[in-house]
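Here is the structure we will look at.
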There are 2 protein chains.
Amino acid sequence: MPHSSRPLEDLYAGAALTIRTVTRMAKAYERIADDLRDRIRAGDLAPGDRLPAETTLVERYGKSLPTLRQALGLLQAEGLIEKQHGRGNFVRRPRTPVKRSNTRHQWEKSRAREPEQQRRKTGATEHDTGLEVDDLVFHASYEVVDAGEELAEIFGVPAGTAMLERTYRTRYQAEAHPFSLVDSYLVRDVVAANPDLLDATNEPWPGGTQSQLHSIGIELERIEERVLARPPSAEEAEELGLPPGTSLIVVGKTSYDTDGRVVEHSVIRLPGDRTVMSFVTPLERW
Amino acid sequence: MPHSSRPLEDLYAGAALTIRTVTRMAKAYERIADDLRDRIRAGDLAPGDRLPAETTLVERYGKSLPTLRQALGLLQAEGLIEKQHGRGNFVRRPRTPVKRSNTRHQWEKSRAREPEQQRRKTGATEHDTGLEVDDLVFHASYEVVDAGEELAEIFGVPAGTAMLERTYRTRYQAEAHPFSLVDSYLVRDVVAANPDLLDATNEPWPGGTQSQLHSIGIELERIEERVLARPPSAEEAEELGLPPGTSLIVVGKTSYDTDGRVVEHSVIRLPGDRTVMSFVTPLERW
DNA sequence: GAGTGGTCTAGACCACTGT
DNA sequence: CAGTGGTCTAGACCACTCC
């Protein structure tokens, strides 16, 4: 079963759960989809393989083209196949899962005060993914924008306050699409205390954002993350290489300093079909 | 803008982000979808309103039925409209968002040792949602199952070990569909120390799982949650009332006791279009 | 039974990919 | 240029909802 080598994800995928099977009339496009799905799961069609041409499948199943295409649409929504205009339909290769844990925050905090040479070795993303710096391609750009109502409310500043907007794109060297889109916001006048922080060419900053904040005397006390999922816009789907039907995970991350003030806020958009986030909650002892 | 009364969610929805507009040929079904989307956002079509019949829209836009339906399919995937066979297409009413925070774990732990009368007042779900116990309808059933490979690995027990499987469904009194499907697992022989724990009719147990574990002398030390999103199966979509195109959020929650042993594991399935999870990560002071 | 969406057909023409 | 998927049409018949 090419798509289910990881036991844990099987469990979450419902494979191990007994689901009450309901007998019902199978529609033509469902029967076709079921058949193709079985062939893929059985390994009859391996990841990367091209499916027979749609016209061929029309003949094989004895149904019309639109009906067949409806079946393929189902499989596409499930992430099993990928359509490539002019080339064919292909069995999707499972993409490298992207792991992200909230233990990264404490790790990054501890790193922030270490010497630069030490900080340069690995970043929080490498910490999460277990990869080397060279495996990742990183792109950053900065811009100064006025705070909208939402941002103003989050930071507790007047609307229109000048904010430093930093956008980051990170992808695996070997892949075409980034696995995270990050838009991070800081109050411009706060970070201006260190002019280096206003210059995108200093990215990637060894030690990350917490190290940058440390350079202007800010210590973080806690981080709050809000997680939701929604369908991607057409642009987001294209940028992340998301197949139609898969969703976007959006994380709103807010950093509070030791005075309880909001010092940073990020909107992190992640592909829903390959992101696994982990959150550890320690509990106080009785 | 009926779908965007909550500022924070606007930000995460991308409304406040400048997205580079790309000029490209608009396809017929995209133009129709754009037009209808605009009408909905403008409030021209209010939540709950029925759209004109598909045949009427075919005349209005001068396109064929399949093309029009393709456009409606887009809007449905975006969660803007809802199709109801035999009734019509309706502008979706935003559903009550379901909030869930990891602060519930510490809250529940503190509660576990309080007197029953105190525990009975509110549960963790009410703590999250800010609702009263009476606003929620709760269903539980228990079953003893053999541990599969995945469960065995998680708990560090041999495959085939007898597990207590507890399934929970929770919904708002006023709504037809539950907002969470929980399958929780415990090692049967561990919980058998208190026979009350094997009986589903004792649910809802005041104080929740941590209180139950307390009754057999187990104290939790930390909770790990793994979060991912995937498309729902047909059954899950139906049970949660998910429109096609929206995704499921799956949380794998593992509870460790003070000896570092796994004592409970849950698979929690939540509707992706209405669930907002919040995770707070405290950081150690410098 | 009237009105609505759901499924399915047969076929035309366009757009993209690779040789 | 051949092969492939993408868009679109006109129309038939079925299934569901509600009066």
Side-chain angles (χ1 to χ4, degrees), chain A residues 22-36 45 48-77 79-92 176 234 237-238 241-245, chain B residues 22-36 40 45 48-92 176 234 237-238 241-245:
Chain A
V22 185
T23 39
R24 57 198 179 76
M25 237 281 287
K27 293 148 201 165
Y29 68 92
E30 284 177 343
R31 278 189 291 104
I32 298 176
D34 288 347
D35 185 62
L36 289 171
L45 290 162
D49 280 3
R50 213 203 72 188
L51 270 65
E54 298 187 349
T55 48
T56 311
L57 292 172
V58 162
E59 284 176 25
R60 176 180 307 172
Y61 289 106
K63 295 290 166 182
S64 74
L65 214 177
T67 301
L68 179 93
R69 289 175 57 83
Q70 198 175 357
L72 294 180
L74 275 186
L75 298 179
Q76 192 189 22
L80 279 179
I81 68 167
E82 187 176 352
K83 303 192 139 248
Q84 291 186 31
H85 195 170
R87 303 220 312 131
N89 296 296
F90 296 82
V91 179
R92 260 174 67 107
E238 195 189 334
L242 286 176
Chain B
V22 184
T23 40
R24 57 200 177 75
M25 237 279 289
K27 292 148 203 166
Y29 69 93
E30 284 178 343
R31 278 190 288 104
I32 297 175
D34 288 347
D35 185 62
L36 289 171
I40 291 171
L45 290 162
D49 280 2
R50 211 201 74 186
L51 270 65
E54 298 187 348
T55 49
T56 311
L57 291 171
V58 162
E59 285 176 25
R60 178 182 304 173
Y61 289 107
K63 295 291 167 184
S64 74
L65 214 181
T67 301
L68 179 94
R69 289 175 57 85
Q70 199 174 358
L72 294 179
L74 276 185
L75 298 178
Q76 191 190 23
E78 293 169 17
L80 280 178
I81 69 167
E82 188 175 352
K83 305 193 137 245
Q84 291 185 31
H85 195 171
R87 303 220 314 132
N89 297 295
F90 295 81
V91 179
R92 279 195 82 196
E238 195 190 333
L242 285 177

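Proteins come first, then strands; the chains are lettered A, B, ... in the order of their sequence lines, and each starts at number 1. All figures in this text were calculated on a predicted structure; none of them were measured in a lab.
- The salt bridge (charged side-chain N to carboxylate O under 4.0 Å, His left out) search around K63(A) returns none, not counting sequence neighbours.
- Residues from residues 54-67 of chain A lying near DNA chain C, meaning a heavy-atom separation below 4.0 Å, are K63(A), S64(A), P66(A), T67(A) in numerical order.
- Across the protein-nucleic acid pair, R50(B) atom CZ and dC18(D) atom C1' stand 12 Å apart, rounded to whole Å.
- OP1 or OP2 of dC18(D) sits under 4.0 Å from a side-chain N or O of R87(B).
- Taking 4.5 Å as the limit, some side-chain heavy atom of L57(A) sits within range of a side-chain heavy atom of R60(A).
- In terms of position on DNA chain D, the residue among G86(A) and G86(B) whose nearest nucleotide sits closer to the 5' end is G86(A).
- The shortest side-chain heavy-atom distance between Y61(B) and D35(B) falls under the 4.5 Å cut-off.
- One can place NE2 of H85(B) at 12 Å from P of dC18(D), the figure rounded to the nearest angstrom.
- Distance CG (L68(A)) to C1' (dT9(C)): 13 Å, rounded to an integer number of Å.
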Practice task
Let me see the working for L80(A) and L36(A) under side chain to side chain contact (heavy atoms under 4.5 Å, CB included), right down to the final yes or no.
Solution key: CA-CA 10 Å; L80(A) 279 179; L36(A) 289 171; over 6 Å; no
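- Note on Y29(B): a side-chain N or O is less than 4.0 Å away from OP1 or OP2 of dT7(D).
- In this structure, the side chains of R69(A) and K83(A) come closer than 4.5 Å at one or more pairs of heavy atoms.
- Look at K83(B) and you won't find any side-chain N or O under 4.0 angstrom from OP1 or OP2 of dG5(C).
- Annotation: side chain of N89(B) is not in contact with side chain of L75(B) (no heavy-atom distance under 4.5 Å).
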